[in-house]
Engineer: 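Just dropping this structure here.
These numbers come from the heavy atoms of this one structure, side chains and all, not from hydrogens, waters or symmetry mates. First the proteins, then the strands, lettered A, B, ... as listed; each starts at 1.
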Amino acid sequence: MIFFINSIAAYSSALFRELSLILTIMPAFLGLISFFLSSNSQRKRVLLTGSFFHFLITLLILSSIFYSGGLDGGQKTSLLIESFSGNAENAVFLFIVSVLFCGASWYGYWYLKLEEKTQREDEEGFILNDEPEAVFVAFMLLFLSSMTLVCFSAHMGLLWASIEATTLFSAPLIYFHRSRRSLEATWKYLVVCSVGIAIALLGTFFLSLASHKSGGSLYLKDLLSCSMYDLLWIKLSFIFLFVGYGTKMGLAPLHTWLPDAHSEAPSVVSALLSGALLNCAFLGIWKTNEIAVRAGIGDFSSSILTAFGMLTIFVSAVFILNQSEYKRALAYSSVENMGVMSLLLGFASRGDNGIYKLIFLNALGHSFIKSAMFFTAGMILMYYKTKKFFQVSNMAERSPFAASLWFAGFILLAGAPPSPLFFPKFFILKFSFMSGSYFSAFLLIFLFSLIFAGFARIFVSMVFSQNAEDERIREEKLILAPSWIFFAAASLLFFAFFYFSRGA
Amino acid sequence: MEIISQFIVLAVIFCNFFLLYSYSPSELVKFTAIQGVLTAALPLLSSSEFEYQASAFAICVIFLKGFFFPLVLNRIIKKNVQYSNGKPHYSGAISALLYLSVFFLSVWLSARLAFETKALAWIIPASFMTIFSGLLLIILRSQTVSQIAGYMVLENGIYCFGSAVFVNQPLMVEAAILLDIFVAVFVMGMAVFHIEREFDDIDSEKLSELKEV
Amino acid sequence: MENLRILFQILAMLALSPLLFGIINKVKAVFAGRQGRSVFKLYYDIYKLLNRGAVYSNSVTALFKIAPVAILSLTITAALIVPFGGQKGVISFPGDFIFFSYILAMSRFVLILSAMDTASSFEGMGASREAQFAVFSEPVFFMAMITLSKITGQISIYGIFSRLNPSLWVVNAPVLTLLVFSLFILMLCEAARVPFDDPETHLELTMIHEVMILDNSGPDLAYILYASSIKMWIFASFISSIILPRHSDIFWSDCLFYLAGIFLSAVAVAVTESVMARLRLLRVPHFLMAAFSVSVMAFVFQSFKG
Amino acid sequence: MMLIVAALAIFLLSSFFSLVLSSGYGKSNSFNSAMSILGAFTGLTGAACGIWSGGKFLPLTHKFWAHYLYLDYLSHFFLFVVFLTILFVSVYSIDYLKPYREKKSLSFFWFNFHMLSFSMCAVLLSKNAALFILFWELMAFSSYFLVMTDHKAGHVRHAGFIYLCANGIGALFLIAAFSFISDSSYSFVQTFSHSSLAFFLALAGFGLKAGFIPLHVWLPEAHPAAPGNVSALMSAAMIKMGIYGIFRALSILSPWHSSWGWTMLAIGGLSALLGLIMSLGQKEIKKVLAYSSVENIGIIMIGLGLAVLLFSLKLNELSMAAFCAVLFHVFNHSLFKSLLFMGAGSVLHAAHSGKMDELGGLAGKMPVSASAFLIGSAAAAGLPFLNGFAGEFVIYYAAFSSLQYAETSFSIFAILFLSLAGALGAASFSKMFSAVFQGRPKMKTDRKIEDPGFYMKSAMIFLSSSCLFAGLLPYFSFNFLFSGFNQGFSESRTMLDLSKILLLMSVVYAFSVFLFIILYIARKRIFSKALVSHSVTWDCGYSSEVPRAQYTGSSFSQLLTDFFGKVAGRPGACRSVNGYFPSNFSYAASSRAFFYETLYLPAAEKIKAAALRFSFIQSGNLRLYVFYIFIALAALIIWKI
C-alpha cells in the first residue's frame with residue numbers, strides 16, 4: 001500500500017505543473033459549459049463532478065508536495081506559467097478550498113433541489129424568484145477556479161489578480177435570492193472590496209519599486225531571495241497591501257461588508273465565503289508578511305498585525321453582544337477568527353516559527369466549523385423562515401437533528417477543547433502573558449468571555465423552548481451530512497494536533 | 001515625443017478638476033473616458049522603442065476605456081432621465097477647494113517619496129491626484145453610477161502610476177490585471193442595472209437597510 | 001481517691017445547681033423589700049412536676065417528646081467538661097471548649113426545633129429570638145477563649161484554668177477583669193436573665209426562653225427547668241474559676257472557694273436583675289456586640305503587652 | 001488503578017448505550033442506574049485502596065498512561081468522594097426519575113449523567129493541560145444539559161444561561177492559568193516564575209466552579225433549576241472539582257506567598273458568612289441548600305487559607321493538619337449535602353412545591369425523609385454527634401493550637417468566621433427544617449403526601465446512617481482517609497494528638513447517649529402511671545384554629561434578615577397602616593439574589609449599552625465604509641512612517 005502511494009506521489013510530482021494547471025482551468029471550463037447545458041439537474045451533476053475531480057487532483061498535488069520534501073517543500077514552478085508555486089501554506093489553503101467546495105457542492109446540490117419545491121417569500125413579502133441556476137452553478141465553479149489560482153500564484157501581481165477575480169465571481173452568488181437586501185449586500189461587497197483591492201494593486205506596484213535595485217521582479221522567489229530593499233518603499237508597500245487584503249479578509253475597520261454579505265447570501269455561498277475566501281485573503285497577507293520579515297522589518301509588520309488583530313476581536317465582541325440575527329452572529333465570529341489569525345501571524349513574525357502549525361490549525365479548524373455552521377443555519381432558515389434568533393425556539397423538540405448540530409457547532413466555535421480553536425486561543429493567552437503585556441492578556445480574556453456570552457445568548461435561546469407550539473418539523477438528514485463530517489474532522493484535528501505536539 | 005507625453009500628463013491633471021467639479025453622472029462618465037484614453041496612451045508615447053506587445057495592449061485598453069464603458073454607463077443613465085442633471089452634491093467653491101487640496105497633497109507626497117526613476121516629470125503627482133480624486137468621488141457622491149466612475153478614476157490613477165514606474169512585467173500578469181479591472185467595471189454595471197430595476201432609481205441612499213440595530 | 005473526687009463533683013453539681021435560682025430570687029426579693037420565695041422553691045417545683053401527668057398538643061411529632069430528654073443529657077455532658085473547684089473536669093482534652101460550645105449549641109438547636117414543633121406563633125417568636133441571640137453570643141465565647149488561651153498558652157479548659165492563679169491576676173489584672181465582665185454578660189444571655197429576657201414575665205409576647213417551653217408540661221418541664229439550672233451552674237463555674245483561682249493541694253478548701261465564687265456570681269446576677277430592666281429586643285444584638293468588643297479589647301491588651 | 005479505569009470505561013460505555021438504545025433499554029431508568037451503580041462501585045473500591053496505600057502501590061508501567069495521568073493520593077481522595085456520591089445519587093434516581101419518564105424519553109438525560117460522572121473522574125486523573133480542560137468543558141456542558149432537563153420553564157433557562165457563561169469564563173481563566181503551568185507539550189510541570197499571577201488566575205477559574213462569594217452567582221440559580229438527583233450530584237461532587245483544582249495548583253506552584261493565604265481566608269470568611277446570611281433570606285428549600293453549599297465552600301477556603309498561612313510561617317505539621325481538615329470537610333460535606341438535596345428532592349417529589357412558606361407539617365406524613373433531613377441539616381449546621389462537626393473541629397484545633405506562636409493573628413479571624421458560621425448555620429437550618437417539616441401544613445393541598453419510593457428511602461437511610469457513623473466515630477474515618485496522606489505527617493505528634501482527641505470525642509458521645517437512654521427510661525417509667533391527654537396548643541384561649549398564624553420560615557428569620565438588611569435580600573414591601581381604623585394591611589417579602597442584582601446585572605447592562613454605542617460603525621451607509629478604508633490607510637501611514 002505504501003509503495004502504491006509513493007509511486008503516485010512520484011508520478012504526480014513530475015507532473016506538478018500540468019496538474020496544477022488542470023486544477024485551475026478545469027472548474028472554469030466546466031462553469032462555462034454549464035451555461036449552455038439545458039436542464040438544471042445536469043448542471044447540478046456537473047457541479048458535483050467538478051468538485052469531486054478538483055478534490056481528487058488536490059490530493060494528488062498534496063501527495064506530490066509531501067513526496068518532494070515535506071510540508072515546507074522546495075519551490076516548484078510550473079513549466080507553462082512559472083508563477084505557480086507549491087509550498088506549505090499554499091498546500092494547506094488549497095486543501096481547505098477543495099474540501100470545503102466538495103461539502104458546499106453536496107449541500108448545494110440538495111439545496112437547489114429543495115429550492116425549486118418551496119416557494120419562499122422574502123421578509124417584506126415579495127415573492128422570491130431565484131437567479132437562474134445556470135448563473136449560480138457557473139459562477140460557483142468560476143469562484144472555485146479563482147480560489148485555486150490564488151493558492152497557486154507565486155507572483156504578487158497574479159496573486160492580486162486572482163483575489164480580485166474571487167471578488168468578482170462571488171458577487172453574483174451573493175445576489176442569488178434576488179431580494180432587495182441581498183442586492184444591497186452585493187453592491188456594498190463589490191464597492192468596498194474592489195476599492196480595497198485597488199489599494200492592494202498600488203501596494204504591489206510599491207513592492208516592485210522597493211525591489212527596484214534587483215530588477216523589480218514580482219516573483220515570490222526573487223522577492224524572498226533578494227537582500228537590499230529600499231526601506232521606506234517596503235514599509236509603504238506592506239501598509240497598502242495589508243489594508244488591501246485586510247479589507248478582503250475582514251479585519252476591524254475594513255470588515256463592514258462581511259456581516260451584510262454573509263447574512264444575505266445563501267448559506268452555501270456564505271459557507272464558502274467565510275470558509276475559503278477569507279483564507280485566500282489571509283494567504284495574501286501571509287505572503288506580504290513573509291516578504292516584510294525577509295526584508296528585516298519583521299517587528300514593524302508584527303506590531304501592525306497584532307494591533308489590527310486586537311481591534312478586530314474587540315469590534316467583533318462588541319457587535320456579537322447585541323446581535324439579533326444568527327447568520328450575522330456567525331459572520332462576526334468569522335471576523336473574530338480572522339482577528340485571532342492576524343494576532344497569531346503577528347506573534348509568529350516575532351521569530352517563533354512553531355506558531356505556523358498553529359495558524360494552519362486555526363485556518364483548518366475555523367473553515368470546517370464555520371462552513372458546517374452555515375450549512376446548518378441554511379437549514380434552520382428553511383425550517384423556521386426567519387433570520388431573527390428570538391423568533392426561532394424549541395429547536396430541541398421540533399428539529400432535534402439540526403439542534404444537535406447547532407449546539408455542537410456552538411461548543412466547537414466557543415473554543416472548548418474538543419475544538420481545534422482551543423490551541424491557538426491557549427497560545428495567544430500564553431504568549432501575551434509570557435511577553436509581559438498583562439493588560440492585553442486580560443483584555444483578551446474579557447473580550448473572549450464577551451463573545452462566549454453573546455454566542456450563548458443566541459444559541460441557547462434558539463435550541464431551548466420559549467413556549468412555542470411543538471409540532472415536529474420533517475427534517476432533511478442527508479443534506480446536513482457534510483456538517484457532521486466537518487465537525488468530526490475538526491475534533492479529529494484537535495486530537496491529532498494534541499498527539500503530535502506530545503513529541504515536541 | 002517628450003512634449004506630447006508632458007501635455008498628456010497635464011491633461012490628466014485637469015481632467016481631475018472637471019471630474020470633481022461636474023455634477024451630472026453623464027459628464028462624469030465622459031471625463032472618466034477621456035482620462036482613461038489619455039492614461040492608456042501614456043506608455044505608448046513615453047517609451048522610445050516600439051514594442052509590439054505593449055502597443056497592442058494599449059490599443060485594446062483605449063478601446064475599452066474610451067468607447068465600451070461610456071456606452072454601457074450612458075445607456076443606464078439615459079434610462080432614468082430625471083437624474084441626468086441633478087443638483088451637484090456640493091457647490092463649485094467646495095469642489096475647487098477639494099481639487100487644490102488634492103493637488104497639493106499629491107505634490108507633497110511625490111516630493112517626499114524621493115524618486116530616482118527616469119520617469120516623466122509630473123507623472124507621479126498626476127497618478128496620486130487621480131487616485132485621491134477617485135477615492136473622493138466614491139466617498140462624496142451618492143449616485144451608484146458616479147461611484148463606478150470614481151472607481152474607474154481610481155484605476156486610471158493606479159494604472160498611470162504603474163505604467164510610469166516599471167516597464168516590463170510578464171504578459172500574463174499584465175493581461176490578468178487589466179482583465180480584472182474591466183470585469184469589475186462590467187459586474188458593477190450589471191449590479192447597477194439590477195439596482196435600477198429593483199429600486200427604480202440609482203441613488204445609493206436607498207441602499208441603507210442593512211445596519212446594526 | 002481520684003474517682004471519689006469525681007463522683008463528689010458530679011453529685012455536688014447535680015444537687016446544688018437548682019439552688020442558684022433560689023438564691024437569685026431570694027436576693028431579688030430582699031432588694032425589693034419582700035420576703036420572697038424559699039431558696040429551695042425550684043426543688044419543690046421539679047419534684048411536683050415529675051409526679052404530674054402531661055398535656056400534649058395534637059400537632060406535635062415525636063421530636064417534641066424526645067427534646068426535653070435530649071436537652072438535659074446534652075447539658076449534663078457539657079457540665080462534665082467544666083472544671084470543678086480548680087480540679088480537672090470529668091473529661092478534658094485539647095480543644096474541648098470548642099466541643100463544649102457546640103454541645104450547648106446542639107441543645108439550643110433541639111430546644112428551638114421542639115418549640116417550632118408546636119406550630120404556635122408564641123413559641124415560634126421565642127425560637128427566632130433565641131436563634132438571633134445565639135448568633136451574637138457565640139463569637140463572645142470564642143473571643144474570650146482565644147484571649148484565655150493566649151494568656152495561658154493552653155488549649156484545653158482545664159489547662160487554662162489550672163494556669164490561672166492569683167499571681168497571674170497581679171500580672172494582667174485589666175485583661176482578666178474585662179474577660180470576667182464579658183463572660184458575665186454571656187452568662188446573663190445564655191441563662192436568659194434580665195437584660196436579655198425576663199424570666200418572671202407572664203406576657204407571652206415579651207418572653208424568649210420561657211415561651212419556648214410554654215407547651216411543655218409535667219416531667220418534660222421538670223427536665224427542661226433542671227437543664228437550665230445546670231446551664232446557669234456551668235457559666236457561674238466559669239466565672240468563679242477565674243475570680244477565685246485556687247490550686248492548693250487541699251481539695252476541700254478549693255471546693256469551698258469555688259462554691260463561694262459560684263454563689264457570689266449568682267448574687268451578682270440577682271443584683272443586676274433588680275437594678276436593670278429588660279432591654280428592647282433590637283438593643284440586644286448591640287449589647288452582645290459590646291461584650292464582644294470588650295473581649296477583643298482584652299485580647300489586644302494581652303497581645304501587645306505580652 | 002485498573003479498577004478506576006474500568007469504572008471510567010463503564011461510564012463511557014453506558015453513556016453511549018443510553019444514547020444508542022434510545023428505545024427499549026435506554027429509557028428504562030433501572031438499566032442505566034444499574035450501570036452507573038456498577039461503575040461507581042468498582043471505582044469506589046479502586047479509589048479506597050488507592051487512598052489506603054497513599055497511591056504508592058499503583059504500578060503504572062505503560063509509559064503512555066504515566067505521561068497523561070496523575071495517580072497520587074490527592075486525586076484518589078477526590079475520586080473516592082465522587083464515586084461515593086455517584087453511587088448514592090444513582091440509587092436515589094431510580095425512583096426519582098419515574099415522573100420524568102412519563103413526559104419524555106430520558107435517554108439524553110442518562111447520556112449526560114454518565115458523561116458527567118465520566119468527565120468528573122477524568123478531570124481528577126488528567127495531568128495534561130489540554131486533557132484537563134477537555135474534560136472540564138465536557139463536565140461543564142454535560143451538567144449544563146442536565147440542569148436544562150425541564151427547559152420549558154423560563155427561570156430554568158435563565159439559570160442555565162448564567163451557568164453556561166460562568167463555565168465559559170471559568171474555562172478562559174483556566175486556560176490563562178495553565179499557560180503558565182504547562183510546557184510546550186501541554187503537560188503540567190513544576191513552575192517557579194510568575195507563581196502569584198498563575199495562582200490568582202487559577203483561583204478565579206476554579207472559584208467559578210467551586211462557587212465562593214464573588215463568583216458564586218450561578219450556584220443559587222443552577223441548583224434549584226436542576227432536578228433533585230442532579231443538584232445532589234452537582235453540589236456534592238462537582239463543586240469539589242474547584243477545590244481539587246486549587247489543591248493541584250498549590251502542589252504545582254512552588255513559592256507560596258502569604259498573600260495567597262490571606263486572600264483565601266478573606267474569600268472563605270466572606271462566603272461562609274454571606275452565604276448563610278443570604279440563605280436566611282431565601283424562600284425555597286433548594287436555594288437555601290445552594291447558599292449553604294456556598295457557606296461550606298467558604299469553610300473549606302478558610303481551612304485552605306489557614307493551611308497556606310501556617311505553611312508560610314514554617315509550622316508544617318499544623319498546616320498539614322489544616323489540609324487534612326479541609327479534605328475531611330470535603331468528604332463530610334459531600335455526604336450531608338447530597339443527603340439534604342435528596343431530602344429536598346423527595347419533598348418536591350411529594351408536594352410539588354419548593355416554597356417553604358407553602359409547606360409545613362410534613363414530618364407526620366413523611367417520617368423517613370423528615371428524619372433523614374433532620375440528620376442532614378444537623379450535620380450541615382456543624383452540630384456534634386454528626387460528621388459536619390468533625391471537619392470543623394479539626395480546623396478549629398489547627399487554628400487554636402497555632403495561637404501561641406508569634407504573629408498568628410490570622411487564626412483569630414479563622415476562629416471567629418467559623419464560630420459565626422456555626423451559629424448562623426444552626427439558625428438557617430432550624431428555620432428550614434421547622435418551616436418544612438414541623439407545625440401544621442400552611443397550604444391546603446389535595447395531593448397525597450407520603451414517603452417516596454423504596455430506592456429513594458434506602459439511599460437516604462444509607463446516607464444518614466453513614467453521616468451518623470462518620471459523626472459518632474470520627475476516629476475511624478479520619479484514620480482511614482488520612483493514613484496515606486503523606487508519610488512524614490502521619491507519624492507526627494499533631495496527627496497522634498488529633499486521633500487521640502477524636503477517639504476521646506467518641507467516648508463522650510457514647511457517655512451522653514448512655515445518659516439519654518437512662519433519662520428516657522426514667523421518663524417512660526414516670527409516664528406509665530401518669531395520665532396523658534391531648535388538646536390544642538396553648539393559644540391564650542383563642543377560639544379558631546388558624547394555621548396561617550404559625551411562624552413561617554421567613555418570619556422565623558425576619559429578626560436576622562432585618563439586622564443584616566439588603567444583603568439577606570428581603571426588601572419587605574408593606575403598605576403603611578394609616579388612619580384610626582386601618583382597612584387592610586399587606587406585607588410582601590421577596591427574596592432576591594443580592595450579589596446578582598447589585599453587581600452582575602448592572603455590569604452586564606452597562607457592557608451591553610457600551611456595546612450598543614458602537615453600532616454606528618455598521619450604519620449601512622456605503623460611503624462611510626469606503627471612508628473607513630481611507631482612515632485606516634491614513635492612520636497606518638501616519639503611525640508607522
Side-chain angles (χ1 to χ4, degrees), chain C residues 50-59 61 63 66 69-70 72-74 76-77 91 93-95 98-99 101-103 105-106 108-109 112-113 116-125 127-129 131-132 134-135 138-139 141-143 146 149-150 153 155 204 214-215 218-219 223 285 299, chain D residues 361 363-364 378 381-385 389 393 396-397 400-401 403-404 412 415-416 419-420 422-424 426-427 430-431 433-434 438-440 497 501 504-505 508 511-512 515-516 519-520 523 526-527 530-540 547 549-551 555-560 563:
Chain C
L50 278 177
N51 298 330
R52 193 170 287 169
V55 174
Y56 290 109
S57 110
N58 39 34
S59 76
T61 60
L63 184 70
I66 300 168
V69 181
L72 185 58
S73 63
L74 285 170
I76 293 174
T77 347
I91 312 151
F93 52 89
I98 307 163
F99 187 72
S101 80
Y102 270 79
I103 288 276
M106 176 98 179
R108 193 182 304 122
F109 185 76
I112 288 173
L113 285 190
M116 292 298 282
D117 207 9
T118 54
S120 100
S121 45
F122 303 126
E123 306 226 1
M125 211 182 292
S128 97
R129 286 173 189 157
Q132 189 199 20
V135 166
E138 289 267 340
F141 177 75
F142 273 98
M143 200 61 216
I146 291 172
S149 78
K150 188 81 179 173
I155 46 170
E204 288 86 356
L214 210 57
D215 241 52
Y223 277 6
F299 177 78
Chain D
L383 296 176
F385 292 94
F389 177 69
F393 177 79
Y396 267 120
Y397 177 79
F400 266 106
S401 44
L403 261 180
Q404 63 253 28
I412 297 169
I415 295 166
L416 289 181
S419 62
L420 253 176
L424 278 168
S430 55
K431 166 198 120 172
F433 184 77
S434 57
Q438 293 186 316
R440 273 197 299 284
D497 296 353
I501 293 167
L504 209 60
M505 220 192 278
V508 173
F511 172 75
S512 80
L515 196 62
F516 175 82
L519 289 172
Y520 191 74
R523 179 174 172 286
I526 295 167
F527 267 106
L531 49 91
V532 172
S533 67
H534 291 270
S535 82
V536 174
T537 329
W538 167 252
D539 47 16
C540 301
Q550 273 180 83
Y551 241 55
S555 45
F556 179 88
S557 60
Q558 200 237 341
L559 275 174
L560 277 169
F563 182 81

Engineer: Please rank Glu138(C), Met143(C), Met125(C) by heavy-atom pairs under 4.5 Å with chain D and give me the top one.
Structural biologist: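 Looking at each of Glu138(C), Met143(C), Met125(C) in turn, Met125(C) comes out on top.
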Engineer: For Ser434(D) and Met116(C), work out which heavy atoms get closest and say how close.
Structural biologist: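 So the two residues come closest at CB-CB, 3.4 Å.
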Engineer: Kindly assign one of parallel, tilted or perpendicular to the pair Tyr102(C) and Phe389(D), based on the angle between their ring planes and the thresholds 30° and 60°.
Structural biologist: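 Tyr102(C) vs Phe389(D) ring planes: tilted.
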Engineer: Which answer fits Phe299(C), side chain, backbone, both or neither, if we ask what part of it has an atom under 4.5 Å from a heavy atom of chain D?
Structural biologist: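 Looking at Phe299(C), just its side chain touches chain D.
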Engineer: Pick one of side chain, backbone, both or neither for Ile526(D), based on which atoms fall under 4.5 Å of a heavy atom in chain C.
Structural biologist: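 Answer is side chain: those atoms of Ile526(D) sit under 4.5 Å from chain C.
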Engineer: With only heavy atoms counted, which part of Ile415(D) is less than 4.5 Å from chain C, the side chain, the backbone, both or neither?
Structural biologist: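 Side chain of Ile415(D) only, per the 4.5 Å heavy-atom cut-off to chain C.
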Engineer: Given heavy-atom pairs under 4.5 angstrom as the criterion, report whether the side chain, backbone, both or neither of Ser149(C) touches chain D.
Structural biologist: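 Answer is side chain: those atoms of Ser149(C) sit under 4.5 Å from chain D.
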Engineer: What part of Leu63(C) is in contact with chain D, defined as an atom under 4.5 angstrom from a non-hydrogen atom: side chain, backbone, both or neither?
Structural biologist: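 When you check distances to chain D, only side chain atoms of Leu63(C) fall under 4.5 Å.
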Engineer: Nearest 0.5 Å, please: how far is CG in Leu519(D) from CG in Leu72(C)?
Structural biologist: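 Atom-to-atom, Leu72(C):CG and Leu519(D):CG are 5.0 Å apart.
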Engineer: Quick one: what part of Asp215(C) sits under 4.5 Å from any heavy atom of chain D, side chain, backbone, both or neither?
Structural biologist: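 For Asp215(C), side-chain heavy atoms alone lie under 4.5 Å from chain D.
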Engineer: Can you tell me which portion of Ile103(C) sits under 4.5 Å from chain D's heavy atoms? Options are side chain, backbone, both or neither.
Structural biologist: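 Looking at Ile103(C), backbone and side chain both touch chain D.
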Engineer: Among Ser120(C), Pro219(C), Ala134(C), which has the most heavy-atom pairs under 4.5 Å with chain D?
Structural biologist: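 Between Ser120(C), Pro219(C), Ala134(C), the count favours Pro219(C).
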Engineer: Are the side chains of Phe556(D) and Ile112(C) in contact, using a 4.5 Å heavy-atom criterion?
Structural biologist: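 Sidechains of Phe556(D) and Ile112(C): in contact.
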Engineer: Rounded to the nearest 0.5 Å, how far does CG of Leu420(D) lie from CZ of Phe142(C)?
Structural biologist: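 CG of Leu420(D) is found 10.5 Å from CZ of Phe142(C).
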Engineer: Give the member of Ala105(C), Gly53(C), Gly153(C), Ser128(C) that has the highest number of heavy-atom pairs under 4.5 Å with chain D.
Structural biologist: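 Among the listed options, the one with the most contacts to chain D is Ser128(C).
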Engineer: Other residues, nucleotides and ligands only: do more than 12 of their heavy atoms fall within 6.0 Å of OH on Tyr520(D)?
Structural biologist: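 Check fails, neighbour count at 12 or below.
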Engineer: Can you see which heavy atom on Val508(D) is nearest to which on Thr77(C), and at what distance?
Structural biologist: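 Taking Val508(D) first and Thr77(C) second, the nearest heavy atoms are CG1-CG2, 3.9 Å.
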Engineer: If we define contacts as heavy-atom pairs under 4.5 Å, which of Phe109(C), Phe93(C), Phe141(C) has the most with chain D?
Structural biologist: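 Highest number of heavy-atom pairs under 4.5 Å: Phe109(C).
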Engineer: Of the non-hydrogen atoms in Pro384(D) and Met106(C), which two are nearest, and what is the gap between them?
Structural biologist: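 Where Pro384(D) meets Met106(C) most closely, the heavy atoms are O-SD, 3.7 Å.
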Engineer: Measure Leu559(D) against the heavy atoms of chain C and call it side chain, backbone, both or neither at under 4.5 Å.
Structural biologist: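 Contact with chain C: backbone and side chain both.
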Engineer: Could you measure the distance from the CE atom of Met505(D) to the CD1 atom of Ile91(C)? Nearest 0.5 Å is fine.
Structural biologist: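 Between Met505(D) CE and Ile91(C) CD1, I get 11.5 Å after rounding to 0.5 Å.
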Engineer: What are the two closest non-hydrogen atoms of Ala427(D) and Ala131(C), and how far apart are they?
Structural biologist: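 Looking at all heavy atoms of both residues, the shortest contact is CB-CB, 4.1 Å.
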Engineer: Specify the closest pair of heavy atoms between Phe433(D) and Leu113(C), including all atoms of both residues, with the distance to one decimal.
Structural biologist: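 Result for this residue pair: CD2-CD2, 3.8 Å.
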Engineer: With a 4.5 angstrom heavy-atom cut-off, which part of Phe527(D) approaches chain C: side chain, backbone, both or neither?
Structural biologist: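 The answer is the side chain of Phe527(D).
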Engineer: Taking side chain as everything from C-beta outward and backbone as N, CA, C, O, which of these in Ala127(C) sits under 4.5 Å from a heavy atom of chain D? Side chain, backbone, both or neither.
Structural biologist: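 For Ala127(C), backbone and side chain are both near chain D.
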Engineer: Let me know if Leu74(C) has heavy atoms under 4.5 Å from chain D in its side chain, its backbone, both or neither.
Structural biologist: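 For Leu74(C), the side chain is the part near chain D, not the backbone.
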Engineer: Considering only heavy atoms and a distance below 4.5 Å, find which of Asp117(C), Ile76(C), Leu214(C), Val55(C) pairs most often with chain D.
Structural biologist: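 Among Asp117(C), Ile76(C), Leu214(C), Val55(C), the one with the most close pairs to chain D is Asp117(C).
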Engineer: Is it the backbone or the side chain of Arg129(C) that comes under 4.5 Å from a heavy atom of chain D, or both, or neither?
Structural biologist: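 Answer is both: backbone and side chain atoms of Arg129(C) are under 4.5 Å from chain D.
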Engineer: Using every non-hydrogen atom in the two residues, find where Leu515(D) and Ser73(C) come nearest and quote the distance to one decimal.
Structural biologist: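 Scanning both residues, the minimum pair turns out to be CD2-O, 3.6 Å.
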Engineer: Non-hydrogen atoms of chain D under 4.5 Å away: do they reach the side chain of Pro139(C), the backbone, both or neither?
Structural biologist: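 For Pro139(C), backbone and side chain are both near chain D.
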Engineer: Can you tell me which portion of Phe122(C) sits under 4.5 Å from chain D's heavy atoms? Options are side chain, backbone, both or neither.
Structural biologist: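 Side chain of Phe122(C) only, per the 4.5 Å heavy-atom cut-off to chain D.
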Engineer: Which atoms of Ile155(C) come close to chain D, meaning under 4.5 Å heavy atom to heavy atom: side chain ones, backbone ones, both, or neither?
Structural biologist: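 Side chain of Ile155(C) only, per the 4.5 Å heavy-atom cut-off to chain D.
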Engineer: Heavy-atom distances under 4.5 Å only: say whether Phe516(D) touches chain C with side chain, backbone, both or neither.
Structural biologist: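 The answer is both parts of Phe516(D).
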